[in-house]
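Just so you know, these numbers use all the heavy atoms, side chains as well, and skip hydrogens, waters and symmetry mates. Order of the sequence lines fixes the chain letters, A, B, ..., with proteins taken first and strands second; residue numbering starts at 1 for each chain. This one's a predicted model, so the numbers in the text were calculated from it and none came from an experiment.
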Amino acid sequence: MSVVPSRKNQVPVQEGLFSMPAGPGESARLLGSRCKVCGEAFFPAQAMCANCCTETTEPVVLGTRGKLFSYTNVNHAVPGGYKGKIPFGVGTVDLPEGVRVTTRLTEHDTSKLRKGMEVELVLEPLFEDEQGNELVGFAFKPVR
Amino acid sequence: MSVVPSRKNQVPVQEGLFSMPAGPGESARLLGSRCKVCGEAFFPAQAMCANCCTETTEPVVLGTRGKLFSYTNVNHAVPGGYKGKIPFGVGTVDLPEGVRVTTRLTEHDTSKLRKGMEVELVLEPLFEDEQGNELVGFAFKPVR
Amino acid sequence: MRDVAIIGVGIHPFGRFAGKEFTEIGQVAVLDALRDAGIPWKEVQAAFCGNMTSGTAAGHRVLARVGMTGIPIVNVENACASGGSALRLATQAVATGLYDVALAFGVEKMPRGFMAMTSYDRWQMLQGMAINPIGMALNTRWHMDTYGTTAIQLAKVSVKSHKNGALNPNAMYRKALSLEEIMNSPMVCDPLRLLMLCAPDEGAAAAIVTTGENARKYTSQPVFVAAAQLGSPLYGTTFGTIAVGGSSGSARMSAPEVSVVTAQKAYEQAGLGPQDLGCVELQDTESGSEIIYYEQLGLCGPGEGGRLLDEGATEINGRIPVNTSGGLIAKGEPVGASSLGQVHELVLQLRGQAGQRQVAGARVGLSHTVGAGGNCSVIILKR
Amino acid sequence: MRDVAIIGVGIHPFGRFAGKEFTEIGQVAVLDALRDAGIPWKEVQAAFCGNMTSGTAAGHRVLARVGMTGIPIVNVENACASGGSALRLATQAVATGLYDVALAFGVEKMPRGFMAMTSYDRWQMLQGMAINPIGMALNTRWHMDTYGTTAIQLAKVSVKSHKNGALNPNAMYRKALSLEEIMNSPMVCDPLRLLMLCAPDEGAAAAIVTTGENARKYTSQPVFVAAAQLGSPLYGTTFGTIAVGGSSGSARMSAPEVSVVTAQKAYEQAGLGPQDLGCVELQDTESGSEIIYYEQLGLCGPGEGGRLLDEGATEINGRIPVNTSGGLIAKGEPVGASSLGQVHELVLQLRGQAGQRQVAGARVGLSHTVGAGGNCSVIILKR
Ligand SMILES: [Zn+2]
Ligand SMILES: [Zn+2]
């Protein structure tokens, strides 16, 4: 998947959160971890299983499609260094590996969102950082 | 006492810490409090006596001369918003009311300072604040 | 374990006090509690201070303005549950015989605007996701989807809070608001509107505890700490994603929520149940939370929160009055102090000193706070 | 009261770790302590976290990376004494029967440069007086004036610290320094030079406590918490001006210093005295403090600190080894963790696991920290 075209240098909001698309027609992927004992998956990746409380996790590349569990939007300037567009959508998405990820949504109009709808991962340019790089985050988009 | 001549609007670092000189030949005065029960004095003024633990204090204008108890200097940029000259002196001064005040000293050369020496209160312009006012603090100066 | 009773409570009103240092705000509440208990400061043997934003040695700085007696002072930072955590430590210290008289207080002077929470990871901040109302809106939307809770019910919570707050001299907002005013206020995080949210503010509250036996020396109306519980989230709750910044939740598990577990432990410790409660102060960070916590604290069954509200059961004259103080929605939230602010209200209610907000015949009260990190405090008081 | 023993200690090295979150730093120390104790996380019933600068719910955020088991977690902010305060609470909780197994840990990722202390008033900040070395320099100058302590002695403290630190894989500075290097380093606050001061840094340390009886299940070398005391300053000490930001001291009174009082209480609680100590870790924020605290902890008489140092008594092979770890001068100070870092060193020494730093035959060790607000922790450990 290609991020919205841009000449700027694109930088992920954090290394190790997601992989960039491997090539044309490929998707970005969220990078998590999974417990070898109980099978619980985590995002972002963790060294420990919060369920078993043991160091039993291995890396897992998470599925790109999931179901929307809950959703809202942000209509107001927020602290923490975010300088991107407002409003934007936020939701929790259940991925096939059993992770419930809190994420941005590409759709902020909540009348177009509903519990259980299918959503897919996309990358989203957010804003330019102090070094002039374009920060890229992840979001989920309703599947039409 | 007149503060070093300046055209800028002079503002104390904090209201209620000290009084400006009442007229020519007059001194600035530190404003403290004193306990009506045990006689302990405090600077800055407090509503409670930290010794008796009771609300028994009344305002007291502190004496302008004291004895140096200990001293040091600052030779390095400091956090907290200070933008004045470096180095500067710092000391603890015992005032006649029995207060031991931590204060700037006009003298930063510690070879010219000694325990027990007599010092007197002066006001000291510090630096220009964001509003363009000249902040004025207090310091003690060795009496020659 | 010895019985523990509150012999004095104090408060500095919640609101905005430009130019007033947190040290002065805290001092007012502590002195108020000492006066209320009729106990001199020198008899207090240990102190626990709840605070989130005032920097290092917050409690020491406040208490240096009360008297420097050398006592151990512990500053507790447990987000919204800071004050409850402080009271629990004070209670445990007296119950186990470590001390005979202890002070718990909370003080806060919150920066203005949305809380710039530090409990999120950097990537969450850069994605604009580091504000508390997001998590609460997600919870509330889930509740609406699952149980049919309505936006009107959310607004009604806020109507109740402001009606009660208008009667509370210690609240920040002391004016009743109409349903229309609330429904017309700007949307912050759908379905939560501005007038459904609590605002960060400033304030302090304090409580002095001693043994039940000792309490009689000071007051004819001791209020006993029947339970003081503190919990953190289990892995695998529905809302697990939100409580601890940066970690995902589980779509496969359904562990009980931290408020459910902590309240159950408190009911067990007290030997009491929801049916015994005469007044409740709970964490109404916003309207949705109030309805959800009705259920999680067992005031009604799952999904029945909206109906409990509609029936008027949680009004001051209802069957189980909730947030008679106006709650955080009307009082604002000075984080380190909010839990002890609840305790202040409950003690007044149990003593029959709550004036126009007085509920009839309350013998047992419950304080509930939950916040960043999934910190949850539940305290049960009885007269 | 039940006996309480440390069954495991853990550490994340002290230093600078760019790009590493405090959560990861804390996690390493906690996992290390669990491994050392051979105890699964699910058996830990309560946790106390010392932290100053990581924002809200610091302990919760670290422990979410260890396992979310619902236990009560209390974040303690007591400046340099945070870790000691956390261990004291954990010890009290086990001693009084509230819990059987508790964790105390401290974690910090200090901002770079002079600590931007929030424990001063605004007027002190604007006058340039809001840095810790000022207070320490005033104390040290007083000691020089009163007892003839010399600048060379100050430098010798730092020589010893760096010599010991060179042997400690967990120290930030692991290189011996000469007297000349120290005496030629820039003056910060006369008489204190840069290489006599400890630097803020990052790190974590942890200890797991249980009952003495239970301890035998986990280890053949339990280390007992013989005393854990926390104090705040009395009014009227010589250095009263400095301890609590913004308040003046008394020129008329001479109350005992907080370290003197707190140590005395600890000796009483332990039924031990300075003569029993085989190793000591004390608050060497800078060289002057080390000499002053020799005296205040009773390792020698008033004014004899410089001589104790000159005699080599506080070297690793001396009569009463002090800061065998390299102290804060060599390790740096991750404030929330520093006290538990001391405990980590003492436990190694008492178990005979301190490698090249091992002192001969130590049976009793003392940890001492004192900082903002006059927070003072003294812990006595014995094997
Ligand atoms: Zn697992
Ligand atoms: Zn007095």
Side-chain angles (χ1 to χ4, degrees), chain B residues 12-14 17 32 39-44 46 49-53 66-67 69-104 108-110 113-116 124 126-127 129 135 137-139, chain D residues 111-146 186-194 197 233-255 288:
Chain B
V13 284
Q14 187 173 297
L17 271 188
E40 277 294 295
F42 303 92
F43 173 81
Q46 299 185 16
C49 173
N51 185 37
C52 291
C53 313
K67 284 191 191 317
F69 179 74
S70 190
Y71 53 91
T72 181
N73 54 25
V74 173
N75 299 283
H76 198 293
V78 294
Y82 176 73
K83 299 195 197 75
K85 67 168 179 168
I86 288 168
F88 59 92
V90 175
T92 41
V93 172
D94 291 352
L95 296 181
E97 292 77 11
V99 194
R100 179 167 295 156
V101 174
T102 307
T103 174
R104 289 171 65 96
H108 68 84
D109 180 351
T110 53
L113 298 168
R114 58 171 206 287
K115 187 174 181 187
E124 220 189 3
L126 294 170
F127 55 93
D129 72 7
L135 284 177
F138 64 92
Chain D
R112 286 180 172 273
F114 274 129
M115 295 186 197
M117 295 305 287
T118 50
S119 56
Y120 295 93
D121 279 349
R122 190 172 145 72
W123 66 271
Q124 294 176 301
M125 295 186 192
L126 294 176
Q127 294 208 150
M129 291 161 52
I131 55 166
N132 294 339
I134 287 178
M136 293 143 191
L138 292 169
N139 295 355
T140 302
R141 172 59 61 190
W142 169 85
H143 200 268
M144 294 168 90
D145 281 343
T146 308
M187 189 65 85
V188 176
C189 291
D190 187 343
L192 300 175
R193 294 177 182 275
L194 190 61
L197 294 167
L234 291 169
Y235 179 74
T237 59
T238 303
F239 300 143
T241 21
I242 294 126
V244 179
S247 74
S248 58
S250 174
R252 309 193 308 173
M253 302 181 66
S254 54

Can you tell me how far the [atom1] atom of [X] sits from the [atom2] atom of [Y], to the nearest 0.5 Å?
| X | Y | atom1 | atom2 | value |
| --- | --- | --- | --- | --- |
| D/Met144 | B/Ser70 | CE | OG | 10.0 Å |
| B/Gln14 | D/Leu126 | CD | CG | 8.5 Å |
| D/Tyr235 | B/Cys49 | OH | SG | 6.5 Å |
| B/Leu17 | D/Arg122 | CG | CZ | 11.5 Å |
| B/Phe88 | D/Gln127 | CZ | CD | 9.0 Å |

Test item: B/Asn75 side-chain N/O and D/Val188 main-chain N/O as donor-acceptor pair under 3.5 Å: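 Side chain of B/Asn75 to backbone of D/Val188, a donor-acceptor pair under 3.5 Å: yes, one is there.
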Is there a side-chain contact between [X] and [Y] (heavy atoms, below 4.5 Å)?
| X | Y | value |
| --- | --- | --- |
| D/Ser250 | B/Glu40 | yes |
| B/Phe69 | D/Leu138 | no |
| B/Val78 | D/Ile134 | no |
| D/Asp145 | B/Tyr71 | yes |

Under 4.5 Å, counting heavy-atom pairs only, tell me which of [options] racks up the most with chain D.
| options | answer |
| --- | --- |
| B/Leu95, B/Asn51, B/Leu135 | B/Asn51 |
| B/Gly39, B/Gly84, B/Gly81 | B/Gly39 |
| B/Arg104, B/Arg114, B/His108, B/Lys67 | B/Arg104 |

Return yes if a side-chain donor-acceptor contact under 3.5 Å exists between B/Thr72 and D/Asp190, otherwise no.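 Short answer, no.
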Can you list the steps and then say if B/Tyr82 with D/Met129 is a side chain to side chain contact (heavy atoms under 4.5 Å, CB included)? CA-CA 9 Å; B/Tyr82 176 73; D/Met129 291 161 52; over 6 Å; no
At a 4.5 Å cut-off on heavy atoms, which part of B/Ala139 comes close to chain D: side chain, backbone, both, or neither?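 For B/Ala139, there is no contact with chain D at all, as no heavy atom is under 4.5 Å.
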Less than 4.5 Å to any heavy atom of chain D: does that hold for the side chain of B/Phe138, its backbone, both, or neither?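 For B/Phe138, the contact with chain D is made by backbone and side chain together.
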What part of D/Thr146 gets closer than 4.5 Å to chain B, counting heavy atoms only: side chain, backbone, both or neither?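 Only the side chain of D/Thr146 comes within 4.5 Å of chain B.
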Geometric class of the B/Phe43/D/Trp123 ring pair [parallel <30°, tilted 30-60°, perpendicular >60°]: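 Ring orientation of D/Trp123 relative to B/Phe43: perpendicular.
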